[in-house]
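Remember, it's 1-based here, ligands and their atoms both numbered in the order they're listed. For the single chain, residues carry numbers from 1 onward in sequence order.
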Amino acid sequence: MGLIHLSKSQHCIGCDCDDSIPAMAGLRPHPDLPMVSQDPRDPAFIQNPYPFYRKLRALGPLVWWTEYDRAMATTQAAVSTVLRHPGMGREVPPDRRPQVTPPLEPFYAVERHSLLELEPPQHTRIRRIAMQGFGRASLARMAPEVSRISDALIDAFPSGPFDVLEAYARPLPALVVTRFFGLADDMAAQLQAWSNDMVAMYQARRNPEIEHAAGVAAAEFRDFLAEVISERRKKPGDDFLSEILSLESKGVGLSSDELISTVILLLNAGHEATVHSLGNAVARLADHPDRGLVLEPGQIEGTVEECLRFDPPLHMFSRYVYKPVDIEGVTFHAGDEIGCLLASASRDDAVWPDGDRFDPLRARRQHLAFGSGIHVCIGASLARLEMQIALPILFARCPGLKVTEPPQFADAYHFHGYERLVVEVRPANPSST
Ligand code: HEM
């Protein structure tokens, strides 16, 4: 028997938040699934959700999480199957789309062309074009930029204890993406402010002021990018926008609206996840006994993958079922929704023996921190590049880096990252760097 949905839910650009909990009450549990209960707002759970995930995996590949009123895939195999299944997707079924009021029109106009809100064939076309901007040449161009940004941020580290998220992990991805689009560094703060106002729409505290701010931000962001795009058409540069615009001469291209939505999505979806991936990795590596070894050039790729597997920044995404599907022997019907617990999948002992152990030297296998299937993260190669460059530079220049306060994860289950990460550094002798 399928699930019966009686209410609507909202979905986050970056992930699927706990915000939908109150709105989801009233769904009927799937009769074939074990039921589990855990308030995702419980502070102890937020600090360490992994024992709960272990319990879920022991119950089976699919469970019914009562607080979400939703089936959840728990294992690597089940999560992967759901994410890759052609009978499911992210696009909200028509009867569950939100009503658009005039102040929010600019916001939803941007969302209408967002890769994360679309399914084939529109998704395939836009994504194929956007992917051209993430080719090898673009990444090769960005590598020295990431090094320069990392060094400049470290040069500005204060003396005494400080929050390394604010001083390093947060500005770094913002500056990288700003340069990736060929924009001046001093735009990074403004882009971030627009992005924050838009992303606030997906959080529980959403109210008319937040909606107003999101509408204004979307309109200003759109107007700013329209101007930049028109300038780049006249005077191309060496950047993502110019790369995508150059495709127009080959008869493939995005409309201005599609390009604007894509750029806004890249900023909104990419920033926070990279900040938290960097922060989680710094905390993990700060007291690692083999830090020197695991940050070496031949090993850093494996280390970054292990950091992402062990403590991914995004823990849950969902899929709508569009037609009857069979997952792990359980039947779901059109309109059902299945959550994918990425961070549970990544601790699955069947794939990673002793999965709760952090081991950068372990054999590498495909984890799901970047998702899978047609919506797999388009910015994964850029995010990996940032981590592979920024972490070794940080620890090489600050070999005495120590976490000085027990870090607390921020109070949001869906974004698994620290509130603050207070460290102290004893800079190396300049001649040794
Ligand atoms: C370590 C950092 C990052 C992590 C862990 C991450 C994770 C993810 C995940 C799990 C998805 C799939 C969502 C789903 O299946 O429903 C996704 C999609 C996406 N990510 Fe990332 N991401 C990161 C960085 C970035 C960056 C740097 C960018 C852009 C510059 C970016 C842009 C996107 C976009 C545009 C999508 C949607 C792709 C589509 O729908 O086709 N991400 N990301």
Side-chain angles (χ1 to χ4, degrees), residues 11-17 73 79-80 82-85 88-92 110-111 113-120 122-131 133-134 138-139 142 146 169 172-181 191 195 199 202 239-241 258-259 261-281 304-305 307-320 337-343 345-346 366-388 390-391 414-417:
H11 289 273
C12 174
I13 279 183
C15 66
D16 293 317
C17 328
V79 170
S80 192
V82 173
L83 291 176
R84 303 173 77 87
H85 204 293
M88 293 181 247
R90 287 193 56 108
E91 191 168 308
V92 184
V110 168
E111 293 252 300
H113 305 286
S114 161
L115 280 178
L116 267 176
E117 311 299 325
L118 297 173
E119 292 301 318
Q122 295 98 312
H123 176 270
T124 318
R125 184 179 61 80
I126 297 178
R127 179 162 172 128
R128 196 171 287 152
I129 295 170
M131 286 286 289
F134 285 91
S138 312
L139 293 179
M142 287 313 294
V146 178
L172 191 133
L175 286 164
V176 168
V177 88
T178 304
R179 290 191 192 179
F180 187 63
F181 293 134
L191 298 182
S195 173
V199 173
Y202 300 97
D239 57 75
F240 176 87
L241 282 171
E258 288 168 345
L259 184 52
S261 290
T262 303
V263 170
I264 292 179
L265 172 66
L266 291 174
L267 276 158
N268 291 356
H271 184 254
E272 211 63 7
T274 314
V275 170
H276 293 316
S277 298
L278 276 169
N280 297 356
V304 164
E305 294 313 301
C307 290
L308 288 163
R309 174 197 79 81
F310 190 80
D311 226 1
L314 305 171
H315 279 209
M316 198 232 292
F317 285 90
S318 287
R319 291 295 185 264
Y320 292 103
E337 208 176 345
I338 306 178
C340 295
L341 296 174
L342 304 184
S346 295
Q366 189 64 51
H367 58 71
L368 294 173
F370 289 112
S372 187
I374 65 166
H375 290 284
V376 67
C377 180
I378 204 172
S381 47
L382 182 61
R384 286 184 160 117
L385 182 86
E386 290 178 50
M387 294 180 74
Q388 289 166 12
L391 290 168
H414 55 285
F415 266 130
H416 189 69

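At a 4.0 Å cut-off, not a single heavy atom of Val176 sits close enough to ligand 1 to count as contact. Ligand 1 lies less than 4.0 angstrom from a heavy atom belonging to Pro313. Note on ligand 1: Leu342 sits in its first shell, one or more heavy atoms being nearer than 4.0 Å.
For the side-chain hydrogen bond (donor to acceptor under 3.5 Å, both in side chains) test, residues two or more places apart in sequence or in another chain that qualify with Asp311 are Tyr50, His416. Ser80 meets the side-chain hydrogen bond (donor to acceptor under 3.5 Å, both in side chains) test with no other residue; sequence neighbours excluded.
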Exercise. Run the side chain to side chain contact (heavy atoms under 4.5 Å, CB included) check on Arg384 and Phe370 step by step: do they pass?
Worked result: CA-CA 10 Å; Arg384 286 184 160 117; Phe370 289 112; 3.7 Å; yes

For this session: Please lay out, stage by stage, how His375 and Leu115 fare under the test side chain to side chain contact (heavy atoms under 4.5 Å, CB included).
Result: CA-CA 8 Å; His375 290 284; Leu115 280 178; 5.5 Å; no

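Looking only at atom types and distance, the side chain of Arg309 has no donor-acceptor partner in the side chain of Ser346 under 3.5 Å away.
Here Phe317 has side-chain heavy atoms under 4.0 Å from ligand 1, and that is the only part of it that gets that close. Counting heavy atoms closer than 4.0 Å to ligand 1, residue Arg319 contributes side-chain atoms (C-beta onward) but none from N, CA, C or O. When non-hydrogen atoms are compared, ligand 1 lies under 4.0 Å from the backbone of Leu116 as well as from its side chain. By the criterion of a heavy-atom distance under 4.0 Å, both the backbone and the side chain of His375 are placed next to ligand 1. Under 4.0 angstrom from ligand 1, the non-hydrogen atoms of Ala369 all belong to its backbone. Counting heavy atoms closer than 4.0 Å to ligand 1, residue Leu267 contributes nothing at all. Contacts of His123 with ligand 1, taken as heavy-atom pairs under 4.0 Å, involve the side chain alone. Contacts of Arg90 with ligand 1, taken as heavy-atom pairs under 4.0 Å, involve the side chain alone.
Taking CE of Met387 as the reference point, atom CG of Leu278 lies at 5.5 Å (rounded to 0.5 Å).
Shown here for Ala345 and Leu368, the closest heavy-atom pair between the two residues is CB-CD1, 3.8 Å. Of all heavy-atom pairs between Ala281 and Cys307, the closest is CB-SG, 3.7 Å.
Every atom of ligand 1 is numbered from 1 in the order shown, and the set under 4.0 Å from a heavy atom of Gly371 is 10 (C). Short contacts between ligand 1 and Leu266, defined as distances under 4.0 Å to a heavy atom of the residue, involve ligand atoms 29 (C), 30 (C), 35 (C). In summary, the atoms of ligand 1 found under 4.0 Å from a heavy atom of Ile374, numbered by their order in the structure, are 41 (O). Near Arg127, meaning under 4.0 Å from one of its heavy atoms, ligand 1 places the atoms 38 (C), 39 (C), 41 (O).
The aromatic rings of Phe180 and Phe134 lie tilted to each other, with the angle between the two planes from 30° to 60°.
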